[in-house]
Amino acid sequence: MRVRSRLGALAVAALTCLLPACGGSSGDAPETPPSARPEAAVRTGGEATYLMVSEARNLEPASQINQGSAGGPLMNAIFDALFTVDPTSGDIQPRIAASFATTDGRTWTLKLRDGVKFSDGTALDAEAVRFSWERLRNGDVKGAVASDAVRQMDTITIVDPLTLTVTLKAPNWQFKYSVQEGATVWIVSPTAVRAQGADAFAQHPVGAGPFILKSRTPNAQTVLVRNPNYWQTGLPKLDTLILRPNPDRDQALDSIVTGQAQATYDGVGQLAQRAQAEGLNVQSAYGMQGGVVFLFNQAKAPFDDVRVRRAVALALNLDEIDQQVFEGAAEVPKTLFSNSSPFYDASLTIPSNQPEQAKALFDELAAEGKPVSFTISASTNTVTSTYAKAIQTQLSTYGNVKVEVLVADSATLVRAQQNHDFQMMNAGYASVDPEPALYAGLQSTGSNNYGSVKDPAIDEGLDAGRTASDQESRRAGYLSFQKAVIANVPAVWTHRLQAITIQADTVAGLRLYGPSSPLFDGFGLIE
């Protein structure tokens with residue numbers, strides 16, 4: 001009989017980024033070492049099930065937030081990706097694209113592999129990329145999520161069948177990260193979109209990925225089968241890949257242990273520690289910069305006053321909340337960037353856990369007739385709401401502070417976030433590089449600036465990091481940015497995200513890229 005520590009629904013492994021702000025590397029990560037076992041040989045054939053943290057609303061790339069969102073696994077399986085970015089070197093890792101480069105930071109040239117076809121037999125060529133990017137730019141897809149990459153594009157020009165150039169509105173030497181982490185990395189079949197129409201395509205997608213859609217029951221499972229014309233010879237390994245949403249991560253782990261599923265993802269480390277105790281294969285690939293936050297809306301009282309934002313941040317003991325919610329497994333950020341980042345500076349610490357300073361600020365505000373009162377909006381994801389209530393509990397020990405927690409479904413919260421109709425809300429600004437998540441979330445014109453941050457010093461630092469062509473200049477920009485964030489206090493930074501896979505000992509070959517997005521082409525059953 002297995003004995004394992006359980007917190008029921010509280011054992012969810014991540015404060016899941018269900019909202020559009022999710023986009024973010026560690027080095028201060030907790031002890032979740034990768035399995036020592038060597039990568040096993042994977043045979044061709046068979047069926048395996050991967051458990052997603054949550055469900056995607058449809059199968060349209062334009063509707064997905066980024067690779068790390070709910071739709072990331074589905075998109076990679078059906079559409080593959082133009083390229084990935086190595087989390088250590090930052091170099092482009094070609095997939096469908098052969099290269100993506102610039103000589104001036106403004107004009108970028110994309111070259112595609114020859115011979116890649118969609119599952120409908122049509123060519124994935126420069127015109128298909130142009131078509132996919134233009135429909136994102138033009139808002140042709142109902143419910144499309146704002147894309148940082150397409151907001152930067154000025155013109156898209158086809159050079160030849162396998163080459164196109166993108167001219168940006170302003171130089172950005174880091175543009176590759178914006179393309180890689182957004183819906184721009186997934187290319188749709190123009191023929192299928194035109195034949196079906198956008199609404200039907202979202203339910204019956206056609207891509208160039210390793211798998212083809214067989215059937216889908218929303219909130220239950222999506223069944224995919226091998227694409228016989230996949231561009232990588234000998235892949236995929238599996239005949240059938242089943243993707244199921246399972247937000248209860250404790251239950252997800254049980255499913256892998258009992259053989260009902262074969263793999264899942266853990267973004268915190270709590271589930272990984274338990275999985276290792278069960279003898280499962282745990283691989284910790286890399287961490288991310290930035291992290292998961294509770295975001296202040298600076299366009300609404302009381303958080304239009306920086307003193308309130310600072311008081312709340314200083315009042316909280318996040319290490320204590322980490323113990324309550326994640327059993328101490330999460331990495332609570334002390335600095336915006338981890339010590340693995342070239343932009344890390346140990347002296348630039350995020351405001352937190354200074355109760356006397358917090359009390360003084362709360363008292364000062366009350367003396368001015370401004371006692372602090374606000375609502376935290378949280379999703380029905382149990383850990384998210386539990387974390388919000390833990391914040392509420394800690395703040396209840398201070399005088400002149402009143403906090404309520406509003407729990408709502410993710411669709412309601414997405415609308416509230418996009419309309420800036422909240423006071424404090426869970427979000428995420430996590431990516432391998434500072435681009436694009438931090439720029440999109442904290443720059444005054446950023447596509448995901450739901451907190452209505454309008455700070456010239458933050459803008460200046462982010463713009464410098466984006467436009468710099470050398471690492472020294474980027475570092476100077478991001479050091480300035482960190483100082484401005486510390487002064488502005490746009491959010492409470494709760495924990496970093498990590499890229500950790502948990503696999504049964506019957507499978508191997510699952511790989512992650514970007515903000516923890518899985519690649520399934522080499523995933524399969526062990527020989």
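Quick caveat: nothing in here was measured; it's all calculated off a predicted structure.
- Between F481 and F337, the two ring planes are tilted [angle within 30° to 60°].
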Quiz item: Can you check side-chain contact (heavy atoms from CB on, under 4.5 Å) on S452 and N297, steps first, answer last?
Solution: CA-CA 6 Å; S452 301; N297 185 354; 3.7 Å; yes
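- Proximity of E60 to W186: side-chain heavy atoms (C-beta onward) are nowhere separated by under 4.5 Å.
- Taking the ring centroids of F294 and Y387, they lie under the 6.0 Å cut-off.
- Inter-residue side-chain proximity for T167 and R106 is flagged as met; some heavy-atom pair is nearer than 4.5 Å.
- Although no hydrogens or angles enter the test, the distance criterion places no donor-acceptor pair under 3.5 Å between the side chain of D86 and the main chain of D91.
- Put simply, CD on E356 and CG on L361 are 11.5 Å apart, with the number rounded to the nearest 0.5 Å.
- Proximity of P434 to Y478: side-chain heavy atoms (C-beta onward) are separated by under 4.5 Å at one or more points.
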Quiz item: Where do M153 and F175 land on the side-chain contact (heavy atoms from CB on, under 4.5 Å) test, with the steps shown first?
Solution: CA-CA 10 Å; M153 297 178 184; F175 182 63; 4.0 Å; yes
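- Heavy atoms only, all atoms of each residue included: I458 and L442 are closest at CG2-O, 3.6 Å.
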Practice problem: Kindly indicate, with the supporting measurements, whether the criterion side-chain contact (heavy atoms from CB on, under 4.5 Å) is fulfilled by L243 and L74. | Solution: CA-CA 8 Å; L243 299 174; L74 291 159; 3.3 Å; yes
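- Taking 4.5 Å as the limit, some side-chain heavy atom of V188 sits within range of a side-chain heavy atom of P61.
- In this structure, the side chain of T393 engages the main chain of K389 through a donor-acceptor pair within 3.5 Å.
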Self-check item: Criterion salt bridge (charged side-chain N to carboxylate O under 4.0 Å, His left out) on R466 and D459, from CA distance to verdict
Solution: CA-CA 10 Å; R466 169 169 280 195; D459 287 354; over 6 Å; no
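- Using modelled atom types, no side-chain atom of Q443 and backbone atom of L438 make a donor-acceptor pair closer than 3.5 Å.
- Put simply, the side chain of R135 never gets that close to the backbone of A198: no donor and acceptor are under 3.5 Å apart.
- Note: F296 CZ to N488 CG = 10.0 Å, rounded to the nearest 0.5 Å.
- In this structure, Q498 contributes its side chain and G267 its backbone to no donor-acceptor pair below 3.5 Å.
- In this structure, the side chains of N58 and Q203 come closer than 4.5 Å at one or more pairs of heavy atoms.
- In terms of modelled atom types and a separation under 3.5 Å, the side chain of R496 and the main chain of P333 share no donor-acceptor contact.
- The OH atom of Y429 lies 7.5 Å from the CH2 atom of W493; values are rounded to the nearest 0.5 Å.
- Side-chain polar atoms of Y398 and N400 form no donor-acceptor pair below 3.5 angstrom.
- Within a 6.0 Å radius of CD in E368, other residues, nucleotides and ligands contribute more than 12 heavy atoms.
- When all heavy atoms of N449 and H420 are compared, the pair lying nearest together is O-CE1, 3.2 Å.
- A donor-acceptor pair under 3.5 Å links the side-chain atoms of T397 to the main chain of Q394, judged by distance alone.
- Side chain of D266 to backbone of L271: a donor-acceptor contact under 3.5 angstrom is found.
- Taking CG of L295 as the start and CZ of F422 as the end, the distance is 4.5 Å to the nearest 0.5 Å.
- E460 CD: 12 or fewer foreign heavy atoms inside a 6.0 Å radius.
- You'll find the side chain of Q93 stays beyond 4.5 Å of the side chain of F83, heavy atoms only.
- The closest donor-acceptor contact from the side chain of T264 to the backbone of L51 lies under 3.5 Å.
- A donor-acceptor pair under 3.5 Å is formed between the side chain of W133 and the backbone N or O of T184.
- Side-chain atoms of V383 and R249, non-hydrogen and from C-beta on, never get closer than 4.5 Å to each other.
- In this structure, the separation between CZ on R151 and OG on S447 is 5.0 Å, given to the nearest 0.5 Å.
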Quiz prompt | Stepwise salt bridge (charged side-chain N to carboxylate O under 4.0 Å, His left out) check, D433 with R474 | solution = CA-CA 11 Å; D433 187 85; R474 284 198 86 194; 2.9 Å; yes
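- A salt bridge between R475 and E472 is absent, with no side-chain N of the basic residue lying under 4.0 Å from a carboxylate O of the acidic one.
- F303 has its side chain within reach of V312: a pair of non-hydrogen atoms, C-beta onward, lies under 4.5 Å apart.
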Exercise. For the pair D319 and Q323, evaluate side-chain hydrogen bond (donor to acceptor under 3.5 Å, both in side chains) and give the outcome as yes or no after the intermediate values.
Key: CA-CA 6 Å; D319 291 316; Q323 288 292 334; over 6 Å; no
Quiz item: Passes side-chain contact (heavy atoms from CB on, under 4.5 Å), I156 versus R137? Steps please.
Solution: CA-CA 11 Å; I156 304 173; R137 294 179 71 199; 4.0 Å; yes
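- In this structure, I376 CD1 and S385 OG are separated by 11.0 Å, a value rounded to the nearest 0.5 Å.
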